[in-house]
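Have a look at the structure below, then the notes.
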Number of protein chains: 2
Amino acid sequence: MRYSLRQLEVFLATARYENVTRAAEELAMSQSAASGSLKELERQFDMKLFDRQGKRLQLSELGQQLRPQIESLMEQARSLEHALTGEDGAGRLEIGATLTIGNYIAVNMIADFRQQNTKSDIILRVANTATIAKQVAGFELDMGLIEGELQHPDLDIVHWRRDELVVFAAPNHPLATSNALSDQDLLTLPWIVRESGSGTRQAFDRAMQGILTDLQIAMELQHTEGIKRAVEAGLGVGCLSQICLEDAFKRGSLVPLPVPGRDFRREWYIITHRDKFHSAALKRWLTLCLQRWST
Amino acid sequence: MRYSLRQLEVFLATARYENVTRAAEELAMSQSAASGSLKELERQFDMKLFDRQGKRLQLSELGQQLRPQIESLMEQARSLEHALTGEDGAGRLEIGATLTIGNYIAVNMIADFRQQNTKSDIILRVANTATIAKQVAGFELDMGLIEGELQHPDLDIVHWRRDELVVFAAPNHPLATSNALSDQDLLTLPWIVRESGSGTRQAFDRAMQGILTDLQIAMELQHTEGIKRAVEAGLGVGCLSQICLEDAFKRGSLVPLPVPGRDFRREWYIITHRDKFHSAALKRWLTLCLQRWST
DNA sequence: TAACATATATCGAATTTTCCGATAAAGAGG
DNA sequence: CCTCTTTATCGGAAAATTCGATATATGTTA
């Protein structure tokens, strides 16, 4: 072996901060040791992992190319260390989810998972699809549950489940008993929807294509609960994922309005980094996602 | 990191030979260094990787449990070393296949693979299903193409393709023009088949269940080519995988005999070790197996 | 522009790790 | 009982890693 795990550790920390001093701090070593370790790694393989211009340090193209593989290797090494120290497959998982998925499904999934994996910590980070994808690609998250369509050379994107938006209103709304809303109906209604840029709004816009610009958007809110309350109060009709509405429909506080003429389906995906090392805990989590929580 | 890659290297070599002296030889180091390295690894994690009784050394239960993970880690480390030295994804692949698969498909698959991966060496080892499974489980082979049904806690077994045996005879055989052989017909014929224990024979026996003991086995041969020649010579009828016979049927040197009453289908599988690190070359090979060469 | 703050590289010395050769200890086989 | 083989251990040599100090380069601020 021409290199050591320690050298890779230094490389990764430096790659993350693009700063040797902070990397050395994190690894509890002197700056000179870190610098030397890095230099030695580069010397042994006769290559440049970083571009140096003065005191500035930047991952070189080669470094960027190698980083995923090295992250994966180090993660496996850490996992082995846990196995060696006898800490059985605990391992903390950091997962990302969009707002809708995070609030309405992921929390239940995590509760489910923790029942059988009492030792695993799960950290849920809620963000939009693009942010989650970026963090998964940068090994900051172990996996992500996202809404939007996405292409990324470093990511494994697998279909997870189908979701459907539902148009809904207060029970006393004039159209509450209608069994089919036409485009004409849609155009007369005041809409209360999620803000632009959210996955739910994107799906809504797509479903309304053709009449989108003529719709009357009465309110844009950032939280699904706010939208439901506004609709309950009779301020307009809403359009949200079915999973946000199940309870309200059961209670009768809101009612669905059928819109047969438009397609409100959308797909959800699971993303992981292609080169990600799948720890025991991550494997169990992914299995649970795909088996018990997919459609 | 409480351990080094070198220590893992020593552990693996020692685990393979269960002999420190030979392990040290392989790693070009002194026996004392190897012994010390091993001892240090055990001390750091306060555990016994080997059971010692006198001069005898044996992998402990813990050692056996840890070995797959360590094999996987070291393989990834070697793969990274290749990436660092700039040798692009060459990497030698050692694959196992049964006799039928090896001779009639795997060689073509390898030719196909090598066209696009000129730098990869592929080594094909032909053996029976049980042997291949054992070698894949012991990290001696990277993957295997097998026939029989199999259960193994350490192996990933995925369905690959469906095969079908075909009963065949020489063109001038009295039944050559028959369009459906009955069980009565089967019982009157002299059979030339593969030897007991082979996957093909197992499939044959299964297909013939009920009348198996009453069949007239005229000859058992170990090679498919021998069986075909014997059948051509009019010594009896044969039963082999369709892929061994395609050419002969095209040439007209042999003809298939339809046996609608019996099920000659069988399944082929791809096996890998669950903890196996999938190198770039292995990934490409598995993709080729499943995309271009599966049914 | 000068003074300062910040970041990386380099050097020698101290420390730690790794390795070797020699040797002791412990079976296995005649 | 002797010989051969194998593992463990010891002291010292060699190599590596690390640290503190310092040189160098470069932004920043007065």
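Note that this is a predicted model, so its numbers are computed, not measured. Chain letters run A, B, ... following the sequence lines, proteins first, then strands; residues in each count from 1.
In terms of heavy-atom proximity, A:A34 sits nearest to A:M29 at N-CE, 3.8 Å.
In this structure, A:M29 atom CE and D:dC19 atom C1' are separated by 10 Å, rounded to whole Å. Rounded to whole angstrom, the span from the CG atom of A:L41 across to the P atom of C:dT8 amounts to 17 Å. With rounding to whole Å, A:K39 atom NZ is found 15 Å from D:dT17 atom P. Protein atom CG of B:L57 is 14 Å distant from nucleotide atom C1' of D:dT5, rounded to whole Å. Look at CG on A:L27: it is 14 Å from P on D:dT17, rounded to the nearest Å. Atom CD of A:Q58 is separated from atom C1' of D:dT26 by 15 Å (rounded to the nearest Å). B:R52 has its CZ atom 16 Å from the C1' atom of C:dG27, to the nearest Å. Distance, B:E18 CD to D:dT7 P: 11 Å, rounded to whole Å.
Ring-centre distance between B:F11 and B:F50: below the 6.0 Å cut-off.
Contacts of B:R6 with the nucleic acid, taken as non-hydrogen atoms under 4.0 Å apart, involve only primed sugar atoms and P, OP1 or OP2. Contacts of A:E40 with the nucleic acid, taken as non-hydrogen atoms under 4.0 Å apart, are absent.
Residues A:R56 and A:V10 each lie close to DNA chain D; by heavy-atom proximity, the contact nearer the 5' end of the strand is made by A:V10. Take the nearest nucleotide of DNA chain C for A:L38 and for A:K55: the residue whose nucleotide is more 5' is A:K55.
Considering CD of A:E140 and CD1 of A:I132, their distance stands at 12.5 Å, rounded to 0.5 Å.
OP1 or OP2 of C:dT6 has not a single side-chain nitrogen or oxygen of A:N19 nearer than 4.0 Å. Within the 4.0 Å cut-off from OP1 or OP2 of D:dA8, at least one side-chain nitrogen or oxygen of B:S35 is found. Side-chain nitrogen and oxygen atoms of B:S37 include none within less than 4.0 Å of the OP1 or OP2 phosphate oxygen of C:dC19.
Side chains of A:Y269 and A:E149: a donor-acceptor N/O pair is present below 3.5 angstrom, by distance only.
Between the side chain of B:S32 and the base of C:dG21 there is at least one donor-acceptor pair of N/O atoms closer than 3.5 Å. Side-chain N/O atoms of B:Q31 and base N/O atoms of D:dA8 include a donor-acceptor pair closer than 3.5 Å.
Atom NZ of B:K283 sits in a crowded spot, with more than 12 heavy atoms from other residues, nucleotides or ligands closer than 6.0 Å.
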